[in-house]
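The structure appears below as structure tokens.
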Amino acid sequence: MACFVLCWVLMIESPERPDSDLPEDRPSVLIIDDELGPSESLRMILSSYYNVYLCRDGQEGLEALRRHPIDVVTLDLRMPSMGGIDVLKQIKQIDPEVEVIIVTAYASLETAVQGLRWGAFDYICKPFDVPHIAELVDRAIKRRRARLYGRRSREHFLGNLSHELRTPLSAIIGYSSILAEELATTANPEQLSALSRIQANAVELLNLIEGVLILNGIDAGEISPNIVDFDAVELVQHVLGQFANQAEEKGVTLATNIAQEHVFLRNDPNKLARIVWGLIDHALKFGSGGTLTVQLEPHPTSGGLRFLLLDPSSSIDAAELQLAIDGYLQDDIRGRRRDRGLGIGLRVAVQFTRMLGGRLRVRHLEPGGTRLELQIPSWDLHRSSSLH
């Protein structure tokens, strides 16, 4: 098999060198295949034009993907310890934009459909045709680079737009606040209510704009944790106070059940405040009244923090919400048309939770509603990337 492929390599014209939208980077290809002959042959074909990494099993390949900037993965389906489809799912979790070409000797309609369903770029059978696979890799890299270029252009545009919008919004918030103070004793209730609504909507829009800036910053790698010691109880109570008016307007009672007076953490308080804000904001948007209960306690095993949000009135399916949080659902879940989707606030909360080494879990409440559990470690006690 290897000799056959090598002969083809000597006979064909060299594949076209890919045009990179990012000229400072040489494209990188990761080969995950436990069969020595095909994987070595593929490495020989590609190594003249790309950085090539070769791994013999799925777990080793996933570790390589975490360590190196990979553009394209060629993936065998039948490997020891972890099947190719499971590897594909985890690849898309690590980086959804990495292109994956399935290369297998055990082709079937079922595996082809599974691969394409989970975002594979293409599907090719062994023994592979060398010009075909070289051309596939070239196409996949061009699509990957075009996406990266487009994303960076979009991030630059959104960043500039967000900064431009903040200036007039800050003026609206400031002057409406001054008017509210000066007219507190002379304006009628309807006028004061209108001013209050202007302020509330302007603040909400400002939060959305800042959310866009945060997500852009995370994607660009410009945001990192700032670790300090702080009291999580004081922080959560401060965030809850920001929702008093919004909860009253929606007919929601905000209840707290805090196990002890202080819970001290070593982590990033500003990002944790943004996480809690996003979770409560999401619950108020998708709830329909009743009582929203916040529970706060030290985590019983990790020494960090456990934050629970019990929302018996939530209209969102718990299983779908968990899939969206885990990144399996690319689109917004049911209810998005009425309530504007998952929202930027929740997306920021998910990204910051991962950044702080935490975890979000969702469970169904009986007879209805959702239970959101946030776990955040204290970094002097727990330094791994996630809680278990």
Side-chain angles (χ1 to χ4, degrees), residues 62-63 66 90 93-94 211 214-215 217-218 221-243 254-284 292-311 314 318-319 321-328 342-365 369-388:
L62 293 172
E63 290 301 320
R66 293 185 180 98
Q90 294 198 39
Q93 280 188 267
I94 296 170
I214 289 170
L215 291 174
I218 293 172
E222 298 171 350
I223 297 179
S224 57
N226 179 28
I227 307 303
V228 297
D229 296 305
F230 64 97
D231 182 359
V233 172
E234 181 180 337
L235 180 147
V236 169
Q237 289 175 334
H238 175 72
V239 174
L240 284 172
Q242 299 175 29
F243 288 94
L254 289 177
T256 57
N257 182 7
I258 299 177
Q260 56 191 61
E261 187 176 354
H262 301 285
V263 177
F264 292 103
L265 288 183
R266 183 171 178 80
N267 211 307
D268 188 324
N270 292 327
K271 292 179 179 58
L272 177 57
R274 188 80 194 196
I275 293 169
V276 173
W277 185 94
L279 297 181
I280 296 173
D281 180 66
H282 173 266
L284 287 174
L292 191 65
T293 304
V294 170
Q295 296 184 13
L296 192 67
E297 61 188 14
H299 193 275
T301 57
S302 72
L305 172 73
R306 179 158 68 183
F307 171 92
L308 299 175
L309 188 62
L310 308 179
D311 182 11
S314 175
L321 181 56
Q322 184 66 61
L323 285 172
I325 287 172
D326 292 340
Y328 286 117
L342 288 180
I344 290 176
L346 185 62
R347 297 184 192 282
V348 171
V350 171
Q351 293 294 330
F352 274 172
T353 298
R354 292 170 182 163
M355 185 181 294
L356 300 188
R359 175 177 294 175
L360 269 172
R361 291 176 175 172
V362 183
R363 294 180 184 173
H364 177 71
L365 288 177
T370 56
R371 174 187 184 271
L372 267 167
E373 178 179 341
L374 169 68
Q375 299 177 17
I376 295 291
S378 188
W379 279 28
D380 54 345
L381 300 175
H382 187 95
R383 297 178 182 273
S384 68
S385 62
S386 63
L387 288 171
H388 300 283

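Values below: all heavy atoms of this structure, side chains included; hydrogens, waters and symmetry mates excluded. This structure is a prediction, so every number in the text was calculated from the model and none was measured.
Between N257 and L310 the shortest side-chain heavy-atom distance does not fall below 4.5 Å. A 4.5 Å side-chain heavy-atom check between L272 and L305 finds at least one atom pair inside the cut-off. The shortest side-chain heavy-atom distance between L292 and L309 falls under the 4.5 Å cut-off. Side-chain atoms of I214 and F352, non-hydrogen and from C-beta on, do get closer than 4.5 Å to each other.
One distance of note links OG1 of T256 with CD of Q237; it measures 7.0 Å at 0.5 Å rounding. In this structure, CG on N267 lies 4.5 Å from CG on L356, to the nearest 0.5 angstrom. Rounding to the nearest 0.5 Å places CG of L308 at 10.5 Å from OG1 of T293. Atom CG of residue L279 and atom CG of residue D311 lie 11.0 Å apart, to the nearest 0.5 angstrom. One finds the CG atom of N270 at 11.5 Å from the CD1 atom of I223 (value rounded to the nearest 0.5 Å). The line from CD1 of I94 to CD of E63 is 8.0 Å long, rounded to the nearest 0.5 Å.
Other residues, nucleotides and ligands place more than 12 heavy atoms under 6.0 Å from the CD atom of Q260.
Not counting sequence neighbours, the partners of R371 by the salt bridge (charged side-chain N to carboxylate O under 4.0 Å, His left out) test are E373. Applying the side-chain hydrogen bond (donor to acceptor under 3.5 Å, both in side chains) test to Q90 and every residue at least two apart in sequence or in another chain returns nothing. Under the side-chain contact (heavy atoms from CB on, under 4.5 Å) criterion, D231 pairs with V233, E234, H262, F264, sequence neighbours left out.
Nearest heavy-atom pair across L265 and A232 is CD1-CB, 4.2 Å. Residue W379 comes nearest to P225 through the heavy atom pair CH2-CG, 4.0 Å, listed as atom of the first residue, atom of the second, then distance. Closest non-hydrogen pair, N226 versus P269, comes out as O-CD, 4.1 Å. Between I227 and D268 the shortest heavy-atom distance is CD1-N, 4.1 Å.
Without hydrogens or angle criteria, T353 side chain to R359 main chain gives no donor-acceptor distance under 3.5 Å.
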Go through the steps to decide whether V294 and L254 satisfy the test side chain to side chain contact (heavy atoms under 4.5 Å, CB included), and finish with yes or no. CA-CA 8 Å; V294 170; L254 289 177; 5.7 Å; no

